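Beneath this line is the structure, given in structure tokens, with notes to follow.
For ligands, and for the atoms within them, numbers begin at 1 and follow the listed sequence. Everything quoted here is computed from the prediction, not taken from an experiment.
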Amino acid sequence: MRHDLLEICYLIGSVTFIVGLKMMGNAKTARKGNLIGAVGMTIAILGTIFLHSGPVSMTIFGLIFGAIAIGTIIGWLTAKKVQMTKMPELVSMFNGMGGACAALISLIEFNHLMQEPDVHASYGTMVAIVAGLIIGTISFSGSIIAYLKLNGTMNKPIRLPSYNVLNTIIMIGVFAFGAYIVATGGSMMLVSLLFIAAIVYGVLFTVPIGGADMPVVISLLNSFTGLAAAFGGFLYDNKIMLTGGILVGSAGTLLTLVMCKAMNRPLSNVIFGAFGGGAVAEEGNSTKGTIKDITVSDLAILMNYSKRVVIVPGYGLAVAQAQHVIHELEMLLEERGVEVKYAIHPVAGRMPGHMNVLLAESNVDYGKLVEMEEINPEFENTDVVLIVGANDVVNPAALNNPSSPIYGMPILEAYKAKNIIVNKRSMNAGYAGIENDLFYDPKTSMFFGDAKKALTELVAEIKTL
Ligand code: NDP
């Protein structure tokens, strides 16, 4: 009876995960989908605590609920307080914690096995323990480095000599070591060494990645965490861990493939450490000529009398929290007969889907968000492209400079528009840390200032026309 009830809890949990994930595919239903998944997870956790085994001592209950309380308070407060622009770091950190949990499960379960020398663990159990340990640990240490890179603490890729060969050797070494432990039964000492080796590999795997390539790594680490949790599910024969892990693992893998496509990088490059191409961001070599800027009144006239305007949102839009005023600008222009669309680059911002989420917050019609492949052929017939806080995603170096760290990445071809307006605060570089020739294009005018403030002035000016 108890077991049946628990299985029902897990079934409810699994179904809510799938329904929730499906709902997250659309900005309108995403919030509800997240909530439904969380409810399912709560049911599964409570089911496990109260129905999984026989009577449990009050001390154990105290420890479990104490840990849940601490985790809930920390998680709730950080998620509540975090600014939208810091969200990617938070997601990276949470992902790392998931990897750490999977690794700890493996360490603890291996320790249990060692304490019962009469019990002979099957190969299946050993594989689940060792694979969960390796993948969870890589995800943990890699995500911590990703966190430091996203918050700017580690803003330069660190590349040891022949780092790709070195990384590949270490990766093969870690997995070979794991296979040895599975084959021989290992010891706590060997498993601890494997844990340390996997931490080192996770760090070495992530530190050389720079330029604009972080999105691929973030989604790959995400899929690692899912995979590691799924191994935990095998280990405990726990359906909900298995379903949850497989969903995260497969969603992360699909996202990685989408991101690879967006960055035009083969997946093998990511896994075997040749990622980033070897080109290092060059800084401040301004050979580009002069820039010109535009006043708010000239820009208001230009936009008001245009037929077609494309807005390119980027990370700076999120920093400035200018999503509401940009929607106001769009509506104002549309009222005056201007056709307005948003061009969405798959890696704009600092997390996959960042621009979609941001613009959904201000109720921009989803139909107005046009993906890169679809909008690129339209730039030629665009009167004004207004680039707001975007930089790398419109940088022509990706197309014409083989020595650039972003070379090969598809971009929004804003340079083809008749007039190019760039709103940013200064001539500073974007995430990839490189110059952008687009700013020196004779068709480009810089509209300097914080996006929210500058666009508010622009809206006010257009209203006077
Ligand atoms: P970028 O990081 O290339 O550029 C953002 C620009 O916004 C900066 O040049 C900055 O210039 C400007 N800016 C900052 N604050 C403001 C503000 N308040 N008002 C106006 N402008 C502002 O952004 P993109 O979106 O073009 O590209 C995203 C980059 O991040 C890519 O390199 C991508 O690979 C990387 N990345 C993406 C992830 C993802 O999953 N989407 C994850 C990790 C990295 P200034 O300081 O002069 O104002």
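Below 4.0 Å from some heavy atom of V393 lie the following atoms of ligand 1, by number and element: 26 (O), 27 (O). For ligand 1, the atoms lying closer than 4.0 Å to a non-hydrogen atom of A348 are 25 (O), 41 (N). Remark: ligand 1 atoms within the under-4.0 Å shell around heavy atoms of N428 are 9 (O), 46 (O), 47 (O). Per-residue contacts place D450 under 4.0 angstrom from the following atoms of ligand 1 (heavy atoms of the residue considered): 17 (C), 18 (N), 19 (N). Under a 4.0 Å criterion applied to the non-hydrogen atoms of G314, ligand 1 contributes the atoms 25 (O). Numbered from 1 in the order shown, with element, the atoms of ligand 1 that lie under 4.0 Å from a heavy atom of M214 read 43 (C), 44 (C). Below 4.0 Å from some heavy atom of V347 lie the following atoms of ligand 1, by number and element: 28 (C), 33 (C), 34 (O), 37 (C), 39 (C), 41 (N). Atoms of ligand 1 found under 4.0 Å from any heavy atom of A390 (numbered from 1 in listed order, with element): 26 (O).
The shortest N/O to N/O separation between A451 and ligand 1 falls below 3.5 Å. On a distance-only criterion, G389 and ligand 1 share at least one N/O pair closer than 3.5 Å.
Contact check on K418 versus D383 returns a salt bridge, with a Lys/Arg side-chain nitrogen under 4.0 Å from an Asp/Glu carboxylate oxygen. Taking the charged nitrogens against the carboxylate oxygens, K368 and E334 do have a contact shorter than 4.0 Å, which makes a salt bridge.
The number of heavy-atom neighbours closer than 6.0 Å to CE of M351, taken from other residues, nucleotides and ligands shown, is above 12. The environment of NZ in K80 is sparse: at most 12 heavy-atom neighbours from other residues, nucleotides or ligands sit within 6.0 Å.
Scanning both residues, M259 and P346, for their nearest heavy atoms gives CE-O, 3.6 Å. Counting all heavy atoms, side chain and backbone alike, E330 lies closest to Y342 at OE1-OH, 2.6 Å. Nearest heavy atoms, A451 versus G316: CB-O, 4.4 Å. Listed here is the closest heavy atom pair of M23 and T29: O-OG1, 2.7 Å.
Of the listed options F448, F439, Y431, Y431 places a heavy atom closest to atom 1 (P) of ligand 1. Nearest-heavy-atom check against atom 45 (P) of ligand 1 across G449, S426, A322 picks out S426. For atom 4 (O) of ligand 1, the nearest non-hydrogen atom from the set N391, V312, I411 comes from N391.
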Name every donor-acceptor pair, under 3.5 Å, that has one atom in a side chain of residues 134-148 and the other anywhere in the protein, sequence neighbours excluded.
unit_1: T137; atom_1: OG1; unit_2: L133; atom_2: O; d: 2.5
unit_1: S139; atom_1: OG; unit_2: L221; atom_2: O; d: 3.3
unit_1: S139; atom_1: OG; unit_2: T225; atom_2: OG1; d: 2.5
unit_1: S141; atom_1: OG; unit_2: T137; atom_2: O; d: 3.3
unit_1: S141; atom_1: OG; unit_2: I199; atom_2: O; d: 3.0
unit_1: S143; atom_1: OG; unit_2: N95; atom_2: ND2; d: 3.2
unit_1: S143; atom_1: OG; unit_2: S139; atom_2: O; d: 2.6

Query raised in the report: Checking salt bridge (Lys or Arg N to Asp or Glu O under 4.0 Å) for the pair E89/R350: CA distance, chi angles, key distance, verdict?
Result: CA-CA 9 Å; E89 287 121 91; R350 290 291 182 275; over 6 Å; no
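Looking at I406 against ligand 1, nothing comes within 4.0 Å, counting heavy atoms.
At least one heavy atom of M351 sits under 4.0 Å from some atom of ligand 1. In this structure, G349 counts as a contact residue of ligand 1, since one of its heavy atoms falls inside 4.0 Å of the ligand. Using a 4.0 angstrom heavy-atom cutoff, A429 counts as in contact with ligand 1. Remark: distances from the non-hydrogen atoms of N395 to ligand 1 are all 4.0 Å or more.
Between the side chains of R336 and N304, a donor-acceptor pair is found at a separation under 3.5 Å.
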